[in-house]
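These notes are about the structure you will find just below.
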Amino acid sequence: MRTTTRIAGVLTGLTLALGGVAFTAPAAHADVTACINQVERELQGGEAPDSVRMACYVGLTGDHAKCVTGLTEGGGVTDGTAVTACRVAPE
């Protein structure tokens, strides 16, 4: 399976899985925003890519490890920033 196909499949699955979170927890959006803002501070003015946004949504569900992995591997974020950003996502 090609990497682009695999990535598209993963992102589609995450979108579908996390779509329910967006409908059931709209008030928590500010927490995801805090996670994204933490990453954008490290990027120094750059807008967070979709992989960062998806990782922060995963953090919202409480899966801290997947959030950190998504930020460090998919978003190119340092481990320290990823841990801090994922910590604020579910609060």
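All values reported here derive from a predicted model rather than from experimental measurement.
Applying the side-chain hydrogen bond (donor to acceptor under 3.5 Å, both in side chains) criterion to Thr84, with sequence neighbours excluded, gives no partner residue. Here Asn37 pairs with Thr33, Glu40, Arg41 under the side chain to side chain contact (heavy atoms under 4.5 Å, CB included) rule; sequence neighbours left out. Looking at residues two or more places apart in sequence or on another chain, you find no side-chain hydrogen bond (donor to acceptor under 3.5 Å, both in side chains) involving Thr69. Partners of Thr81 under the side chain to side chain contact (heavy atoms under 4.5 Å, CB included) rule, at least two apart in sequence or in another chain, are Gln38, Glu42, Val77, Thr78.
By the 4.5 Å heavy-atom criterion applied to side chains, Asp31 and Val88 are not counted as neighbours.
For the residue pair Val52 and Val39, the shortest heavy atom distance occurs at CG1-CG1, 3.7 Å. The heavy-atom pair separating Ile36 from Ala48 by the smallest distance is CG2-CB, 3.8 Å. Across every non-hydrogen atom of Ala89 and Gly59, the tightest pair is CB-C, 3.7 Å. Nearest heavy atom pair, residue Val58 against residue Cys67, reads CG1-N, 4.0 Å.
For the two cysteine residues Cys35 and Cys56, the thiol sulfurs sit under 2.5 Å apart.
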Starting from the C-alpha separation in whole Å, work towards a yes-or-no answer on salt bridge (Lys or Arg N to Asp or Glu O under 4.0 Å) for Glu47 and Arg53. CA-CA 10 Å; Glu47 185 175 333; Arg53 296 176 188 282; 3.2 Å; yes

